[in-house]
Student: 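Below you will find the structure I want to go over with you.
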Amino acid sequence: SFLPPYSSWDAAYERELQTFQDIGDAGEIWFGEESMLRIIRWLEKHKVPLDSSVLDIGTGNGVLLVELAKSGYLNLTGIDYSPSAIQLSEKVREKEGMSNIKLKVEDFLAPSDELSGFDVCIDKGTFDAVSLNPDDAAGKRQQYVRSLGRVLKPRGFFLITSCNWTKEELLNEFREGFEILEELPTPKFCFGGRVGNSVTALVFQRR
């Protein structure tokens with residue numbers, strides 16, 4: 001499922017915000033539950049401390065942050081450039097009673113100065129959305145990598161889940177300043193006798 005370009009997200013989140021207010025449903029979980037579990041399992045397996053500062057880039061409805069909080073993580077921040085997404089994630093946070101989740105409207109391609117010093121950054125589909133921007137997608141991808149270098153501490157972890165990019169392409173995109181630690185297993189699909197992955201999930205470490 002290819003994600004819509006950056007610019008059309010706000011309208012989508014306004015609809016989801018209305019739905020949440022009507023029936024209490026937080027809306028779609030990008031890449032499904034298993035992608036959230038994959039991220040949490042990796043953090044637990046590598047004994048990433050529960051007080052590590054974690055940034056969810058393009059948090060959307062904030063459901064990943066709620067799951068991280070339920071797993072014991074204490075220092076959680078979600079950003080989204082869409083005010084409707086942040087309103088929605090605030091409502092989800094309130095419903096779940098998770099007071100230790102910070103939420104902010106931020107454009108990751110032009111992050112504010114206070115967005116820095118994170119131990120872990122997580123991206124589920126935001127880099128994909130940036131890549132689909134019809135206006136200078138290549139420049140926006142470079143800006144994303146620069147922003148990531150600014151907000152993530154040296155030796156910090158970056159977990160990315162993508163449905164638009166292969167492992168090799170992501171290694172190329174993040175070659176400046178990041179090294180691959182691990183490829184996480186994702187569901188495989190078969191098409192025309194060839195087996196492939198519809199989703200790529202990688203863990204990088206900032207040099």
Student: Closest approach of Ile86 and Ile79, non-hydrogen atoms and distance?
Tutor: CD1-C, 4.1 Å
Student: Going only through I, L, V, M, F, W and Y residues with side-chain contacts under 4.5 Å, is there a path from Leu74 to Met98?
Tutor: no
Student: Tell me whether Arg150 is salt-bridged to Asp113, with the criterion being a basic N under 4.0 Å from an acidic carboxylate O.
Tutor: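 Salt bridge between Arg150 and Asp113, a charged N being under 4.0 Å from a carboxylate O: yes.
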Student: Check this for me: does any side-chain nitrogen of one of Asp135 and Lys140 sit under 4.0 Å from a carboxylate oxygen of the other?
Tutor: yes
Student: From Leu55 CG over to Phe108 CZ, what is the distance, rounded to the nearest 0.5 angstrom?
Tutor: 6.5 Å
Student: Side chains of Leu68 and Val54: does their closest heavy-atom pair fall under 4.5 Å?
Tutor: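 In contact.
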Student: Would you mind reporting whether Leu132 and Asn164 have side-chain heavy atoms less than 4.5 Å apart?
Tutor: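 A side-chain contact exists here, since the closest heavy-atom pair is under 4.5 Å.
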Student: Report the C-alpha distance between Val120 and Val48 in whole Å, list the side-chain angles of each, state the deciding distance to 0.1 Å, and finish with yes or no for side-chain contact (heavy atoms from CB on, under 4.5 Å).
Tutor: CA-CA 9 Å; Val120 180; Val48 173; 4.0 Å; yes
Student: Measure across Arg206 and Gly149 and return the closest heavy-atom pair with its distance rounded to 0.1 Å.
Tutor: NH1-O, 3.1 Å
Student: Verify, without hydrogens or angle tests, whether Gln143 (side chain) and Leu109 (backbone) share a donor-acceptor contact under 3.5 angstrom.
Tutor: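 Pair found, side chain donor or acceptor close to backbone of Leu109.
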Student: What pair of heavy atoms forms the shortest contact from Glu106 to Pro111, and how long is it?
Tutor: OE1-CA, 3.6 Å
Student: Can you tell whether the side chains of Glu179 and Arg155 come within less than 4.0 Å, N to carboxylate O?
Tutor: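 Answer for the salt bridge query: yes.
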Student: Check step by step if side-chain contact (heavy atoms from CB on, under 4.5 Å) holds for Val199 and Thr161.
Tutor: CA-CA 7 Å; Val199 175; Thr161 305; 3.5 Å; yes
Student: Please report the interatomic distance CD1(Ile160) to CG(Asp123), rounded to the nearest 0.5 Å.
Tutor: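 That separation rounds to 4.5 Å.
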Student: Just do the side-chain contact (heavy atoms from CB on, under 4.5 Å) check on Phe174 and Leu148 with the steps written out, would you?
Tutor: CA-CA 10 Å; Phe174 291 93; Leu148 185 64; 3.8 Å; yes
Student: CD of Glu169 to NZ of Lys167: how many Å apart, nearest 0.5 Å?
Tutor: 13.0 Å
Student: Keeping the roles fixed (side chain from Thr59, backbone from Asp56), state whether a donor-acceptor pair exists under 3.5 Å.
Tutor: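 No; zero donor-acceptor contacts below 3.5 Å.
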Student: Checking Arg41 against Glu44 for the salt bridge (Lys or Arg N to Asp or Glu O under 4.0 Å) test, could you report, in this order, the C-alpha distance in whole Å, the side-chain angles of both residues, the deciding distance, and whether it holds?
Tutor: CA-CA 5 Å; Arg41 270 201 305 268; Glu44 289 175 344; over 6 Å; no
Student: Are Arg93 and Ser89 side-chain neighbours, meaning at least one heavy-atom pair lies under 4.5 Å?
Tutor: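 Side-chain contact under 4.5 Å: no.
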Student: Which atom names give the shortest non-hydrogen contact between Asp80 and Ala85, and what distance separates them?
Tutor: CG-CB, 3.6 Å
Student: Could you walk me through whether Ile101 and Val66 pass side-chain contact (heavy atoms from CB on, under 4.5 Å), step by step?
Tutor: CA-CA 8 Å; Ile101 297 173; Val66 168; 4.2 Å; yes
Student: Mind checking whether Ser162 and Leu170 have side chains closer than 4.5 Å, heavy atoms only?
Tutor: yes
Student: Can you tell if the side chain of Leu152 reaches within under 4.5 Å of the side chain of Phe158, non-hydrogen atoms only?
Tutor: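 Contact flag for Leu152/Phe158 side chains = yes.
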Student: Indicate the atoms forming the closest heavy-atom contact of Thr186 with Ala201, along with that distance.
Tutor: CG2-CB, 3.7 Å
Student: Could you check whether any side-chain heavy atom of Trp165 comes within less than 4.5 Å of a side-chain heavy atom of Asn172, counting everything from C-beta outward?
Tutor: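 Counting from C-beta outward, Trp165 and Asn172 never come under 4.5 Å.
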Student: Under 3.5 Å, side chain of Asp119 to main-chain N/O of Ser53, donor-acceptor pair present?
Tutor: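 Side chain of Asp119 to backbone of Ser53, a donor-acceptor pair under 3.5 Å: yes, one is there.
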Student: Less than 4.0 angstrom from a charged side-chain N to a carboxylate O is my criterion; do Glu114 and Lys102 meet it?
Tutor: no
Student: Do the non-hydrogen side-chain atoms of Phe178 and Leu171 ever get within less than 4.5 Å of each other?
Tutor: no
Student: Do Gln142 and Glu176 have side chains that get closer than 4.5 Å, going by heavy atoms?
Tutor: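 No, their side chains stay 4.5 Å or more apart.
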Student: Nearest 0.5 Å, what's the SG-CZ distance between Cys121 and Phe118?
Tutor: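 So the SG of Cys121 and the CZ of Phe118 are separated by 7.0 Å.
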Student: Which atoms form the tightest heavy-atom contact between Arg38 and Pro185, and what is the distance?
Tutor: NE-O, 3.0 Å
Student: Determine whether a donor-acceptor pair (N or O, by modelled atom type, separation under 3.5 Å) exists between the side chain of Ser131 and the backbone of Phe127.
Tutor: yes
Student: Check whether the side chains of Asp51 and Tyr73 place a donor and an acceptor atom closer than 3.5 Å, and report yes or no.
Tutor: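 There is no such pair (donor and acceptor under 3.5 Å, judged by atom type) between the side chains of Asp51 and Tyr73.
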Student: To the closest 0.5 Å, what do you measure between CH2 (Trp42) and CD1 (Ile122)?
Tutor: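 Atom-to-atom, Trp42:CH2 and Ile122:CD1 are 10.0 Å apart.
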Student: Taking only Lys NZ, Arg NE, NH1 and NH2, and the carboxylate oxygens of Asp or Glu, determine whether Lys91 and Glu94 approach each other closer than 4.0 Å.
Tutor: no
Student: For the CG atom of Leu43 and the CD1 atom of Ile40, what is their distance to the nearest 0.5 Å?
Tutor: 7.5 Å
